K.L.:
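Just passing along the structure, written as structure tokens.
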Amino acid sequence: MKMTKIFFVMMISFVFIFCAVEYCPAQVDEGKEGEDQVYRLDKVIVRDHPLKDESMVVTPDVTVINVDKFQKAGSVQNIRDILSEALGINVLRSSVTPSPTESIYIRGFDQSRFQVFKDGRPMRLMGRSGYIKTDWTTMPLDNIETIEIIRGSHSLLYPFSMGGAINIITKKGRKTDEIKPSGTATTEFGSYGAQSYSANIEGGLLNLIGYSFAGAHREGDGYLRNNDYNTGSFNARMTLFFPTGGTLTGGWDYVDNKTGYPVINDPSRADYDSSYPDVLEHKVDNFVHGPEGLVYPGGDSYWQKRTNEYSILFDQPLGPGELRAQVYQHESNRDRYWLTSNGTKKTNLDIEEKNRGVFLDYLDFEFIKNHAFSIGGEYRTQGIPENKDYYEIMSGYFQDVWSVTSPLTLIWGVRYYEFHSDAYKAGFPGMKTATEADKKAYEYRRKENEWCPKARLDYEVDPNLTLYAAVSREMRMP
């Protein structure tokens with residue numbers, strides 16, 4: 001598979017009416033001239049952070065990693081390499097081969113219990129096919145600015161985050177009148193035919209438009225037999241800067257990945273290949289492939305996924321807080337090929353997903369002294385092209401950060417969920433045996449709702465020690 005030629009044509013139109021009001025930033029408390037500024041990271045998570053010179057900032061609520069400043073021993077090729085250094089994160093695999101298997105855990109929770117976001121929009125979407133894991137190896141770092149890690153379920157700003165959340169904030173260009181952009185290009189080579197090429201460019205025009213583009217290509221033979229991979233990706237952001245301090249950003253993310261399933265390589269079989277490590281049939285279970293189980297040599301055995309994501313993000317300081325709105329669409333197509341032990345060819349082709357959503361938040365407004373309120377909600381649909389709203393999800397939240405005393409802070413609020421999905425009533429004979437008449441007779445629109453209150457009490461003993469107690473209720477999507 002060669003890197004697909006990509007063109008980027010995006011037209012953004014957005015109609016809005018608002019009045020210019022005094023901007024009161026929520027992240028920075030302005031002191032008197034000559035005094036230090038105090039950054040408050042415990043109120044709003046889904047936003048850019050001002051601590052650009054730090055490589056990593058850890059607070060009781062969130063860990064913020066500055067990707068450009070981050071350094072560690074060894075190579076840093078993707079997000080997983082960075083997350084391995086974060087508090088409360090367990091990275092179980094070190095292979096560079098793309099894989100949709102579990103590799104990231106937050107305090108022991110797998111991806112079915114925590115959520116992954118990019119610029120605040122959900123990435124670990126289900127479509128109609130069920131729980132699909134994030135493949136971290138296909139996320140190059142060239143277009144990423146910061147990574148936020150929220151441990152635990154106490155934050156109301158992230159829906160369905162039972163075990164926590166990871167929010168990936170992308171570069172969106174610079175507000176500058178300098179025509180000359182900045183950019184980097186990187187090439188890496190490794191064992192087993194591994195090679196990667198990536199480049200990015202970032203800049204702006206006339207203090208009005210910012211842009212950021214990044215592309216990457218990775219390939220390799222892999223350690224095990226048939227575990228080769230070939231991945232191409234492209235990311236683009238265009239930002240319009242308003243005189244009122246707001247921004248409007250359009251984004252496109254594209255990934256095309258093809259990875260071979262590692263196959264049985266048993267010396268007792270006639271198709272044994274001694275140039276690869278032995279993989280004995282009776283000493284492995286299923287390579288964590290999922291429904292494929294054990295995969296054997298002799299033909300096509302690989303999975304391929306093509307993903308396009310589009311988004312428009314609006315951010316505007318408004319009165320005592322900040323208004324944020326986003327619309328997004330996620331489209332993907334997956335194919336799977338594999339062989340069984342008797343040489344039977346199996347396929348699962350054109351597994352399509354189509355996910356759309358919109359959210360609106362008003363963050364960090366202080367109508368009452370020592371209280372920072374946030375309210376918001378979202379609506380999303382998940383399904384396939386012919387049934388886009390197989391899942392229909394609505395939720396809204398209210399949060400208050402109350403600075404009770406100088407060392408004591410109470411974060412409390414509630415999120416409401418309403419969940420609709422296509423389903424069949426009890427007694428349905430099953431998809432394999434049901435007739436069309438059965439389906440019509442048993443199908444219905446399932447509806448669920450849930451109130452999820454949360455509260456957390458923090459006591460700062462000193463700048464290096466904070467004690468906290470938290471209680472929360474959260475809903476998990478099927």
Side-chain angles (χ1 to χ4, degrees), residues 1-4 74-75 77-81 84 91-104 110-111 132-140 187-198 216-233 255-307 332-351:
M1 179 187 70
K2 295 182 181 282
M3 181 74 174
T4 307
S75 174
Q77 293 185 335
N78 52 62
I79 293 177
R80 196 171 62 185
D81 296 329
S84 64
V91 179
L92 299 189
R93 300 178 68 248
S94 58
S95 172
V96 298
T97 303
S99 173
T101 59
E102 293 287 1
S103 61
I104 303 296
D110 63 19
Q111 288 184 48
I132 297 173
K133 308 173 184 69
T134 301
D135 181 12
W136 301 96
T137 63
T138 58
M139 293 185 195
T187 302
E188 294 188 357
F189 299 91
S191 56
Y192 308 107
Q195 51 186 294
S196 65
Y197 311 88
S198 63
H217 173 77
R218 298 174 60 243
E219 63 180 77
D221 187 39
Y223 173 66
L224 298 176
R225 183 178 177 184
N226 198 63
N227 201 201
D228 59 316
Y229 58 94
N230 197 308
T231 300
S233 64
V255 175
D256 187 353
N257 175 73
K258 180 180 177 181
T259 299
Y261 290 123
V263 298
I264 295 297
N265 193 38
D266 196 324
S268 64
R269 293 176 57 93
D271 52 19
Y272 174 67
D273 187 342
S274 60
S275 61
Y276 289 95
D278 294 353
V279 178
L280 304 183
E281 187 175 15
H282 62 283
K283 288 193 175 182
V284 296
D285 45 15
N286 59 8
F287 281 129
V288 205
H289 292 163
E292 295 86 354
L294 296 179
V295 176
Y296 293 80
D300 289 335
S301 295
Y302 66 87
W303 63 277
Q304 184 171 12
K305 183 175 182 180
R306 298 159 293 276
T307 302
S332 67
N333 182 282
R334 293 180 294 144
D335 296 323
R336 302 205 302 262
Y337 302 80
W338 71 98
L339 272 75
T340 63
S341 59
N342 60 8
T344 302
K345 295 182 179 180
K346 298 284 189 177
T347 61
N348 194 347
L349 308 179
D350 295 323
I351 307 169

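Note that the numbering runs from 1 along the sequence shown for the chain. Treat the numbers as computed from the prediction; the structure is a model and nothing was measured.
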K.L.:
Measuring from atom OG of S301 to atom CD1 of I264, what distance do you get when rounded to the nearest 0.5 angstrom?
P.N.:
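The CD1 atom of I264 is 11.0 Å from OG of S301, to the nearest 0.5 Å.
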K.L.:
Using the side chain to side chain donor-acceptor pair (under 3.5 Å) criterion, which residues pair with D221? Sequence neighbours excluded.
P.N.:
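Y276.
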K.L.:
So how far is it from D300 CG to D335 CG, rounded to the nearest 0.5 Å?
P.N.:
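It is 11.0 Å, given to the nearest 0.5 Å.
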K.L.:
Please confirm whether the backbone N or O of V279 pairs with a side-chain atom of N265, one donor and one acceptor, at under 3.5 Å?
P.N.:
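Judged by distance alone, no pair lies under 3.5 Å.
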K.L.:
Look only at the side chain of N226 and the backbone of P262, and say whether a donor-acceptor pair between them is shorter than 3.5 Å.
P.N.:
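Not a single qualifying donor-acceptor pair exists.
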K.L.:
Just verifying a value: how many Å separate R306 CZ and N333 CG, rounded to the nearest 0.5 Å?
P.N.:
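With rounding to 0.5 Å, CZ (R306) is 4.5 Å from CG (N333).
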K.L.:
Under the rule for side chain to side chain donor-acceptor pair (under 3.5 Å), what residues qualify as partners of D273, not counting sequence neighbours?
P.N.:
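Partners of D273 under the side chain to side chain donor-acceptor pair (under 3.5 Å) test: S275.
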K.L.:
Shortest non-hydrogen contact from P267 to L280?
P.N.:
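Residues P267 and L280, closest heavy atoms: CD-CD2, 3.5 Å.
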K.L.:
For T344, check side-chain contact (heavy atoms from CB on, under 4.5 Å) against everything at least two apart and list the hits.
P.N.:
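Listed in chain order: T340, N342, K346.
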K.L.:
Less than 4.5 Å apart, side chain to side chain, heavy atoms only: is that true for K258 and D228?
P.N.:
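K258 does not reach D228 side chain to side chain.
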K.L.:
According to side chain to side chain donor-acceptor pair (under 3.5 Å), who are the partners of S191, at least two apart in sequence or on a separate chain?
P.N.:
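Side chain to side chain donor-acceptor pair (under 3.5 Å) list for S191, sorted by chain: empty.
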K.L.:
For Y296, enumerate each residue passing the ring pair (Phe, Tyr, Trp, His ring centres under 6.0 Å) test, keeping only those at least two apart in sequence or located in another chain.
P.N.:
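Ring pair (Phe, Tyr, Trp, His ring centres under 6.0 Å) list for Y296, sorted by chain: empty.
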K.L.:
Any chance you could measure S196, atom OG, to H217, atom NE2, to the nearest 0.5 Å?
P.N.:
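Taking OG in S196 and NE2 in H217, the distance rounds to 9.5 Å.
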K.L.:
Quick one: CH2 on W303 to OH on Y229, what's the gap to the nearest 0.5 Å?
P.N.:
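Interatomic distance, W303 CH2 to Y229 OH, rounded to 0.5 Å: 12.5 Å.
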K.L.:
What residues form a ring pair (Phe, Tyr, Trp, His ring centres under 6.0 Å) with Y272, not counting sequence neighbours?
P.N.:
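Y272 satisfies ring pair (Phe, Tyr, Trp, His ring centres under 6.0 Å) with no other residue.
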K.L.:
Rounded to the nearest 0.5 Å, how far does CH2 of W338 lie from OG1 of T347?
P.N.:
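One finds 7.0 Å between OG1 of T347 and CH2 of W338.
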K.L.:
Minimum heavy-atom separation for D271 and P297, please, with both atom names.
P.N.:
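Looking at all heavy atoms of both residues, the closest pair is OD2-CG, 3.3 Å.
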